[in-house]
Amino acid sequence: MQEEYTQGHQEQDSLHDIAQSQHGLIHRRQAASAGATRSMVRHRCSTGEWQQISGGVLRRTGSPRSDLQTAMAAALAAGPGAALSHSSAAAIWAFPGFRLLPAQVTIGGRTGRRASTDSPVHRTTFLPPHHVTTLDDIPVLAPTRLLFQLAASRSPRRMAMLTDKAWARRLVSGRSLHDMCDELSEHGRDGMAVMREVLKVRPVGYAPPESNLEARVQEILRDSGLPEMRRQVDLGG
């Protein structure tokens, strides 16, 4: 009896540890991997310790509710390997003009079990691990991959602005963008034509504008067919 009691508490602590790193959430498959049986999970839900959310996601009672928790729930419900994407990923990376919710998620694989979530879930046949990272403890597309994804539904002008802002914040670099372009070219990803146009005037050594005013002047010169100014020039004292 003592051994069962100790084991139950160890499993409970393990579930709490996982939830603590996931905005108070855990998926049933994670609970099972941690050693919790279905009956244990049902018992904890019946006592009010955990609350059932859609898609097999459990919320630890008392954990703070937030938009980030909602986004985390969408990623967990979509399945292993899923990551926030599209406008949700852009919002969490603080790209201007995007909202986190409703959460949008992308998962790799041509086919597979249907994600049990009400949030939009996109599938891609090419999503290697290095295209996904973690921000605020939530799996999210890396900024470099995200820009190419956003380019599938946005104009070259809009993508030029987003690319410059991400570059100026050092979320991406000339090398990472051009390498991503080469990598995705082999797989025929959407958004390639737009990003090729954007990168055509942004070589690896390009220096992005450091202010909106500088970016606007550069845009006016380009639209007028005038030579672009030399930027970030060291004038000495």
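Nothing fancy with the numbering, it's 1 onward along the sequence. Just so you know, these numbers use all the heavy atoms, side chains as well, and skip hydrogens, waters and symmetry mates.
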With sequence neighbours left out, the residues meeting side chain to side chain donor-acceptor pair (under 3.5 Å) with T134 are none
Closest heavy-atom pair, M72 versus P139, reported as atoms and distance to 0.1 Å, is CE-CD, 3.8 Å
Rounded to the nearest 0.5 angstrom, the CD1-OG distance for I92 and S88 is 8.5 Å
Sorted by chain and number, sequence neighbours left out, side chain to side chain donor-acceptor pair (under 3.5 Å) with Q30 holds for Q22
For I107 and G81 the tightest heavy-atom approach is CG1-C, 4.4 Å
Original post:
Are E183 and H130 close enough that a side-chain donor and a side-chain acceptor fall under 3.5 Å?
Top reply: yes
Residues pairing under salt bridge (charged side-chain N to carboxylate O under 4.0 Å, His left out) where one sits in residues 167-179, two or more places apart or in two chains, turn out to be R175-D179
Interatomic distance, CG@D182 vs CG@L177, rounded to 0.5 Å, equals 11.0 Å
Sorted by chain and number, sequence neighbours left out, side chain to side chain contact (heavy atoms under 4.5 Å, CB included) with E197 holds for P156
Residue set satisfying side chain to side chain contact (heavy atoms under 4.5 Å, CB included) with R28, at least two apart, ordered chain then number -> V41, Q52, L58
Please report, to 0.1 Å, the donor-acceptor pairs under 3.5 Å made by any side chain of residues 145-152, with sequence neighbours excluded.
from: R145; atom 1: NH1; to: F126; atom 2: O; distance (Å): 2.9
from: R145; atom 1: NH1; to: H131; atom 2: ND1; distance (Å): 2.8
from: R145; atom 1: NH2; to: F126; atom 2: O; distance (Å): 3.1
from: Q149; atom 1: OE1; to: H86; atom 2: N; distance (Å): 2.7
from: Q149; atom 1: OE1; to: H86; atom 2: ND1; distance (Å): 3.3
from: Q149; atom 1: NE2; to: T106; atom 2: OG1; distance (Å): 3.3

Within the distance-only criterion (no hydrogens, no angle test), does the side chain of R202 pair as donor or acceptor with the backbone N or O of V198 below 3.5 angstrom?
yes
In terms of heavy-atom contacts, A83 and L141 come closest through CB-N, 4.0 Å
Open item on the list: Could you check whether any side-chain N or O of T124 sits under 3.5 Å from a backbone N or O of L127, counting only pairs where one atom can act as donor and the other as acceptor?
Closed with: no
Is there a donor-acceptor pair closer than 3.5 Å between any side-chain N or O of R59 and the backbone N or O of S63? yes
Taking every heavy atom of S87 against every heavy atom of Q104, the minimum-distance pair comes out as OG-NE2, 2.9 Å
Contacts of H187 meeting side chain to side chain donor-acceptor pair (under 3.5 Å) (sequence neighbours excluded), chain-then-number -> none
**OP:** Using modelled atom types only, decide if a donor and an acceptor are shared between the side chain of T133 and the backbone of A142 within a distance under 3.5 Å.
**Re:** no
Value for CG (L25) from CG (D137), rounded to nearest 0.5 Å, stands at 11.0 Å
Review point. Does the side chain of S85 reach to within under 4.5 Å of the side chain of H122, using non-hydrogen atoms?
Key: yes
Close side-chain approach of P209 to D164, heavy-atom, < 4.5 Å
yes
With sequence neighbours left out, the residues meeting ring-ring contact (aromatic ring centres under 6.0 Å, His included) with W93 are none
The side chain to side chain contact (heavy atoms under 4.5 Å, CB included) partners of S66 (sequence neighbours excluded) come to L68, Q69
Closest non-hydrogen atoms of P203 and W167, given as atom of the first, atom of the second and distance, are O-CH2, 3.4 Å
Review point. Between the main-chain N or O of S176 and the side-chain N or O of T144, is there a donor-acceptor pair closer than 3.5 Å?
Key: no
Can a donor-acceptor pair be found, under 3.5 Å and without considering hydrogens, that links the side chain of T163 to the backbone of A160?
no
Notebook entry, point to check: Is there a donor-acceptor contact under 3.5 Å from the side chain of H23 to the main chain of D136?
Noted result: yes
- So, do K165 and P96 sit near enough that their side-chain heavy atoms are less than 4.5 Å apart? yes
Residue set satisfying side chain to side chain donor-acceptor pair (under 3.5 Å) with S185, at least two apart, ordered chain then number -> R196
Rounded to the nearest 0.5 Å, the CE atom of M195 sits from the CG atom of L184 at a distance of 9.5 Å
**Q.** Heavy-atom side-chain contact between V132 and V140 under 4.5 Å
**A.** no
For H27 and L76, the nearest pair of non-hydrogen atoms, with its separation, is CD2-O, 3.5 Å
query = Between L84 and L100, is any pair of side-chain heavy atoms under 4.5 Å apart?
reply = yes
Applying side chain to side chain contact (heavy atoms under 4.5 Å, CB included) to P102 and not counting sequence neighbours gives none
Discussion item. Is it the case that atom CZ in R154 sees more than 12 heavy atoms from other parts of the structure closer than 6.0 Å?
Written reply: yes
query = Do side-chain atoms of S33 reach the backbone of R29 as a donor and acceptor pair under 3.5 angstrom?
reply = yes
Contacts satisfying ring-ring contact (aromatic ring centres under 6.0 Å, His included) that involve residues 57-79 (not counting sequence neighbours) are none
ask   = Taking the six-membered ring for Trp, are W50 and H16 ring centroids under 6.0 Å apart?
value = yes
Any link between V204 and V201 through a network of hydrophobic side chains (Ile, Leu, Val, Met, Phe, Trp, Tyr) touching at under 4.5 Å? no
